[in-house]
Structures are given as C-alpha cells and as structure tokens.
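Quantities reported herein were computed from a predicted structural model and do not represent experimental measurements.
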Amino acid sequence: MTELRFDRLDTDGALVDAVAALHDQSRADFLRTAVVGSGALVALFARPTSAEARTRDVAILNFALVLEYLQAAFYTEVERIGNLNGPLERQSRIVGAHERAHVRAFRDALGRRAVARPRFDFGGATESPERFRRTAVGFEDLAVAAYKAQAPRIRSRAYLASALAIHAVEARHAAWIRRLAGVSPVLEAFDEPAGRTEVLRAVRATNFIATTRSRRSPRYTG
Amino acid sequence: MSATSTTVNARRSRASFLRGATLGGGLAAAGVVLASRPERAGSAPSAERDAEILTFVLQVERLQAAFYGEAFDNGRIVGEPRELARVVGDHERAHVRFIERRLGRAPRPPRFDFGRATTDPAAFFEAGRRIEDIGVRAYNAQAPNLTDAALRVAARIVSVEARHAAWIRDLAGVDPAPDAAEPALSTEQVQAELRDTGFIR
C-alpha cells in the first residue's frame, strides 16, 4: 500500500517543463564546483560556496513548491466539489489549509524566483471518497519521502529548519489519511527517502499536471 | 542518575540547541514563514555534537520504548490501541538499538513508572500523545545541528515519530496534525515536558 496506485497511467511534459530549469540549474552548479575543485572526488564532497549554496537551495525550494502546488490544488478542488463527509471531509479541509500555507511560505521565500503554478487536471480523483483516499495516501507518502531526500541537501540553516517542520507535518498527514483509508499509518521503523527522479516519475504517472504548452495530445489507451 | 547525566551532557551545547529551537518556534508562531539566512550555523556540526544530540533524543526513545512495551505486556490495552502499542513499540525499540549502537557508549537508562498510563485506555492515549509529540519536536529542533550523515538518518526517524503521533492522536479523537509547520522544542522545554509526565524515576 505504500506505492502510488493511480488509475490513470499517462504522462505529459508539463511537469518536466516546470522543473527543467531546476535540473539545468543544479547541473550548472555541479559543473562549476567540479571545475573549481582540484579533483572530481574533492569537488563532490566540498561544501559549496555561498552563491552556489543559495542557487541549489532555490532549486530545492522550487521542487518542494511544485509538490505543494499539486497537493494544495488537489485538496482545494476536493473541498469545492464537496463530496466528502465526516472524518474524511475534516481531514481534507485541515490538510488543504496546511498545503496552501506551505505554498504561500515557499512563494514568499522565493519571491520572483518561484516557479509558476502548473495547471492541474485531477480527473475523477477529487470526486469520490474512495478515489480521494487512494490519491491522498499516495500524495502524502510521496511528499514525506521527497522532503526526506531533499532536506539534508539544503545548505541554509533556516530553510532546513523550515523544510523539516513541513516534513513532519506531511508525515502526520500521511498517517492520518492512511488510517482513514484502512491501512497501517506507519510501516517501518525508518521511513525511506525518494530522490527527485523517483518523485517526478511518480507525479508524472498520475497525469494530474495538465499540459500547459501543448505539443502532444493526451494519450489514452483502451 | 543517568537521566541527570544526560541533562548535563545535553546542556553543554545549550546555546546551539536554543538557536535551532528559536527558529522552529518562530516558524510555528508565524504560520509558516521561511526565513532566509544564507548559511547553516556558525559553529559547524561535528561528530561530538551528533553524539550529544543522539544522547539527548535517546532518552525520549527509551521512554517511548518502555511505555509501549509495558502497555502491550499488561494486556489491559486492547483492540487497535494494542496493535499501536505493538507496532510503535517495535519501532521505538529499533530506534533505541540504532542510537545505542551509533553512540557506542550511552548513559544507563533511567527507571520508569508509568502508573495507570499503561493500563487505562484514556491515560494511555494522553501519555502516548504527549511523548510522541515531544519526540517529533525534540528531533526537529536538533536536526539542523547534525552533520549531513546524521541528519539523513534522523530524517528517517522523525517522520516515523510524526506518523506515530498522528496515529495515536486520531485514535484519541484529537487533531492528528494541529499545525501547518511542526513546532520545535528547545532542550529545556523537552526536559521540562519529560519531567512533567512524572514517568522518569
């Protein structure tokens, strides 16, 4: 039950568009460090200079912002459609407010460097309680794993403290929705991180990011 | 005796602990505000600081492990709360073993007295909620002071503590995620809250 299990398994390039700049940025960072260092091994383990650290932190914050945009939009749409009741409705309302607060925090911190909000199409995932539960479990577990991988890479102490404060809240969300979905709120004694590539693959597989500059039409098979 | 020595040990770098805690506290007070300071702490993380911090969180992990172990063994906590005591207890014992191995030399554990908290369901919920919230917030306040390697491990533990906290809070009928950003607790606050439980002899 830990892995994402979404109904639609199509991909599009919108998220890649949204984060392509980040990839380029970190690759540039890496190259610059490698040139400055006396050898590849030294360069890999050297602490980045301030400017480089800041650039990398901005990339990490923008990556987190994309995940928060996705979650916030999801819960907001769920609330607007209004098909949930009882504990599930309460969960979606409280968690949605948290995710929107996270979006605001990242946008405020990033200012003009913040990536734009992608357009989303959640299909039917925001409409039925059953699909909401399944999707929310996937989102929350993914967010926990993503923050866990990114937080230790952050150089700014303040951003690190903030990322950890959000990471723990995402873990609370995950346990909460898992219990409401009838699965164990916690699996192992040590949670696993998920790197950027793995997270992007999972997000793209949902097909929730609507193509903004459409070069391809969505592929529906069957 | 060992609880005292742990306190003394943790106090050595109180200034740095507090620095981390203040940041987290400010975050929580303002909703979520990501402050921008370019670098990590002036005093660099080190193996010695890692050991101090791990010794500090070990006392919380030991308290949790003993608590759930006793609740499970007593057999008076039944149903899903008993399942929670089993699963969470397993995790806390794994955390204790991991930290003790990592430290090599850890202070001797204190003795605990949980009173009714391991037999009475309402007292069990209240105690579990408190010690899980303390655990999450103790780790979060200290994590920015860790070396990168120790931070990677602590991050794998703290989210598990947060899951435990949400689980027992939901069972107890209180909001599993009360804040948009997890508040951090200074070492003094953690020590005060631990003392306040009355569980440590």
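A salt bridge is defined here as a Lys NZ or Arg NE, NH1 or NH2 lying under 4.0 Å from an Asp or Glu carboxylate O, and B/Asp113 with B/Arg201 meets this definition. Between A/Arg56 and A/Glu52 no salt bridge is recorded (no basic side-chain N to carboxylate O distance below 4.0 Å). Ionic pairing of B/Arg152 and B/Asp148 is not present here: no N-O contact between side-chain nitrogen and carboxylate oxygen is shorter than 4.0 angstrom. Salt bridge present: B/Glu83 and B/Arg86 bring a charged side-chain N and a carboxylate O closer than 4.0 Å.
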Quick one: side chains of residues 185-192 of chain A, donor-acceptor pairs under 3.5 Å with protein atoms, not counting sequence neighbours, listed by atom name and distance.
residue, atom, partner, partner atom, Å
A/Asp191, OD2, B/Ser159, OG, 2.6
A/Asp191, OD2, B/Arg163, NE, 2.9
A/Glu192, OE2, B/Arg156, NH2, 2.9

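Proximity to chain A involves both the backbone and the side chain of B/Leu171, based on heavy atoms less than 4.5 angstrom apart. At a 4.5 Å heavy-atom cutoff, the contact between B/Phe98 and chain A is made by side-chain atoms alone. Contact of B/Arg93 with chain A is not made at all, since no heavy-atom distance falls under 4.5 Å. Of the two parts of A/Leu164, the backbone and the side chain both hold a non-hydrogen atom closer than 4.5 Å to a non-hydrogen atom of chain B. Contacts of B/Glu92 with chain A are absent, with no heavy-atom separation under 4.5 Å from either backbone or side chain. In this structure, chain A has heavy atoms under 4.5 Å from both the backbone and the side chain of B/Val160.
Ring planes of B/Phe67 and B/Phe199: parallel class, angle under 30° (limits at 30 and 60°).
Highest contact tally toward chain B, considering only A/Arg100, A/Lys148, A/Arg179, is held by A/Arg179 [criterion: heavy-atom pairs under 4.5 Å].
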